[in-house]
Amino acid sequence: MMRPIASFAVLALTATAGFADPDFWRGEWPDTDFETTILDDWSEVISGGPPKDGIPALDDPSFISAADDTRLTPLEPVITLEIEGHVPRAYPIRYLTWHEIVNDVVGDMPVAVTFCPLCNSGISFDRRTDAGLLSFGVSGKLRHSDMIMYDRETESWWQQATGDAIVGRLTGTDLQTLPSWMESWDMFRSRNPDGLVMDEPPFNRNYGANPYVRYDTSQRPFLFAGEMPPHDIPALARVVRVGERAWPLTRLSEAGQLTEADVTLTWVAGQASALDTAQIGAGRDVGNVRVQDAAGQDLPHDVMFAFAFHAFWPDGSWMLGE
């Protein structure tokens, strides 16, 4: 079950009135420690529609050879994870749109590959923490329109965009972000002909379809009541976030390559937006982004919507080139 925008729009009008007290959530989350939290304003947390695990996270996914896949179309996006010493893996957005979290293990590294459609945020995390190995599910809750994950071990709540625990016993714990990036299926398999791609999950879903048609050209984000971005940047414009800095994708795409703040960002055409047309692979071209350091090593980053960057990094730097 997904969050079709029209079906749940009414929640945007009622969320702050009914959900401003954590007692509202205790019946659904009896094992969550609501007394331990970074939240000052509980009205920031609202239901996205589906209940806990109504969007089922994936565990121990199956993979096939990139050469054997016949489902993916050339320009549709995948999240690429390349860990040294291991075969590169592609996690198609056509599956993550319906599941949002994949708990996987690459070699000896447990990872969580995540995608929040409402923020266009695709980030991969190391699941090992000082509190032990964690596995993650989808809470069904949103904060600033971003998915709140939960760990199954303590039922603490985690902000997907930032990778930190915001409610529960593990509040204050941060997940290590891994270098991964979104690129077209064609680009992945051209660079990694012997790579692996996640196989279609065994669920009855319309994989390849986009439940958020034209979302990334909307005027306002879904279920978001926060402040709009500064500098007249549209709320749903894509930005490349590296740490607490954000580069507008329009600026990067015009330049092709930028080297600033000790990082090099590159853009090349040829990736479909997952949030445009009814079929993910037919979306308009938003291009492919890579972010690397001076040594050419890939860096953790995110290509997210401007409103989400401003919501979670209100004091962040906008790299406008002025």
Side-chain angles (χ1 to χ4, degrees), residues 58 61-84 86-100 102 104 106 111 113-117 120-124 178-201 205-217 238 240 249-250 252-258 264-292 296-304:
L58 300 175
S62 298
F63 288 82
I64 60 176
S65 168
D68 293 337
D69 185 272
T70 59
R71 300 185 181 97
L72 275 65
T73 56
L75 297 186
E76 67 178 270
V78 302
I79 293 179
T80 295
L81 186 60
E82 296 185 359
I83 295 177
E84 186 175 358
H86 300 284
V87 178
R89 298 189 180 197
Y91 300 81
I93 295 298
R94 64 161 51 207
Y95 307 140
L96 279 160
T97 292
W98 298 93
H99 297 283
E100 301 194 359
V102 180
D104 195 11
V106 181
V111 302
V113 180
T114 71
F115 176 61
C116 176
N120 195 63
S121 178
I123 314 176
S124 300
L178 301 173
S180 65
W181 56 91
M182 209 178 295
E183 65 182 342
S184 71
W185 169 235
D186 209 26
M187 182 167 286
F188 174 87
R189 65 181 174 179
S190 295
R191 195 178 63 257
N192 301 299
D194 298 322
L196 297 173
V197 59
M198 189 172 77
D199 201 0
E200 184 171 283
R205 300 290 189 276
N206 189 12
Y207 294 122
N210 166 28
Y212 307 92
V213 174
R214 308 299 181 194
Y215 177 59
D216 64 355
T217 51
R238 286 172 169 83
V240 185
L249 189 64
T250 51
L252 176 58
S253 63
E254 290 171 359
Q257 185 174 90
L258 294 169
T264 296
L265 304 91
T266 59
W267 180 94
V268 295
Q271 180 191 155
S273 165
L275 300 164
D276 183 24
T277 55
Q279 291 298 310
I280 288 174
R284 73 185 188 284
D285 189 353
V286 294
N288 302 275
V289 173
R290 292 285 288 273
V291 179
Q292 297 171 318
Q297 299 296 309
D298 289 296
L299 294 174
H301 67 277
D302 192 12
V303 180
M304 67 193 316

Tabulate below the donor-acceptor pairs under 3.5 Å that side-chain atoms of residues 191-198 make, not counting sequence neighbours, or state none.
residue: R191; atom: NE; partner: E82; partner atom: OE2; Å: 3.3
residue: R191; atom: NH1; partner: E183; partner atom: OE1; Å: 2.9
residue: R191; atom: NH1; partner: E183; partner atom: OE2; Å: 3.4
residue: R191; atom: NH2; partner: E82; partner atom: OE2; Å: 2.8
residue: R191; atom: NH2; partner: E183; partner atom: OE2; Å: 2.8
residue: N192; atom: ND2; partner: E82; partner atom: OE2; Å: 3.1
residue: N192; atom: ND2; partner: F188; partner atom: O; Å: 3.4

Worksheet item: Between the main-chain N or O of M187 and the side-chain N or O of S190, is there a donor-acceptor pair closer than 3.5 Å?
Response: no
Discussion item. For the backbone of G270 and the side chain of D285, can you confirm whether one donor and one acceptor N or O come within less than 3.5 Å of each other?
Written reply: yes
Discussion item. Hydrogens and angles aside, do T73 and R94 bring a side-chain donor and acceptor to less than 3.5 Å of each other?
Written reply: no
Worksheet item: Is any side-chain heavy atom of W98 less than 4.5 Å from a side-chain heavy atom of P211?
Response: yes
Item to complete: Take S273 and R238 through the side-chain contact (heavy atoms from CB on, under 4.5 Å) test and state the conclusion after the steps.
Response: CA-CA 11 Å; S273 165; R238 286 172 169 83; 3.1 Å; yes
Practice prompt. Please assess I93 against V78 for the test side-chain contact (heavy atoms from CB on, under 4.5 Å), listing each intermediate value before the final yes or no.
Written response: CA-CA 5 Å; I93 295 298; V78 302; 5.8 Å; no
Discussion item. Rounded to the nearest 0.5 Å, what separates atom CD1 in I123 from atom CD1 in I79?
Written reply: 9.0 Å
Worksheet entry | Close side-chain approach of V111 to S124, heavy-atom, < 4.5 Å | no
Item to complete: Scan side-chain atoms only and decide if Y91 and H99 contain a donor-acceptor pair under the 3.5 Å cut-off.
Response: no
Discussion item. Before you tell me yes or no, could you show the steps for R290 and W267 under side-chain contact (heavy atoms from CB on, under 4.5 Å), namely the whole-Å CA-CA distance, both residues' side-chain angles and the distance that decides it to 0.1 Å?
Written reply: CA-CA 7 Å; R290 292 285 288 273; W267 180 94; over 6 Å; no
Worksheet item: Salt bridge check: are D69 and R189 linked by an N-O gap of less than 4.0 Å?
Response: no
Worksheet entry | Any residue meeting side chain to side chain donor-acceptor pair (under 3.5 Å) with D302, in chain and number order, not counting sequence neighbours | S121
Worksheet item: Heavy-atom distance under 4.5 Å between the side chains of R284 and D216, does that happen here?
Response: yes
Worksheet item: Are P117 and E100 side-chain neighbours, meaning at least one heavy-atom pair lies under 4.5 Å?
Response: yes
Response to the item:
Value for OG (S253) from CG (L258), rounded to nearest 0.5 Å, stands at 9.5 Å
Worksheet item: Is any side-chain heavy atom of I280 closer than 4.5 Å to a side-chain heavy atom of P77?
Response: yes
Worksheet item: Run the side-chain contact (heavy atoms from CB on, under 4.5 Å) check on V102 and Y95 step by step: do they pass?
Response: CA-CA 10 Å; V102 180; Y95 307 140; over 6 Å; no
Practice prompt. Examine R89 relative to F63 and say whether NZ or CZ is less than 6.0 Å from the centre of the six-membered ring and inside a 45° cone about the ring axis.
Written response: yes
Worksheet item: With a 3.5 Å cut-off and no angle check, do the side chains of Y212 and D276 form a donor-acceptor pair?
Response: no
Discussion item. Is there a side-chain contact between N210 and Q279 in this structure, where contact means two heavy atoms from C-beta onward sitting under 4.5 Å apart?
Written reply: no
Practice prompt. With rounding to the nearest 0.5 Å, note down the distance linking CG in L58 to CG in L96.
Written response: 7.5 Å
Item to complete: Would you give the length of the straight line joining atom CH2 of W181 to atom CD of Q271, rounded to the nearest 0.5 angstrom?
Response: 13.0 Å
Fill in: Value rounded to 0.5 Å, distance of OG1 in T80 from CE in M182
9.5 Å
Worksheet item: Can you check whether T266 reaches Q257 side chain to side chain, under 4.5 Å on heavy atoms?
Response: yes
Discussion item. In the structure I gave you, are the side-chain heavy atoms of M304 and V240 within less than 4.5 Å of one another anywhere?
Written reply: no
Item to complete: Measure the spacing between CG of D104 and OG of S62 and express it to the nearest 0.5 Å.
Response: 10.0 Å
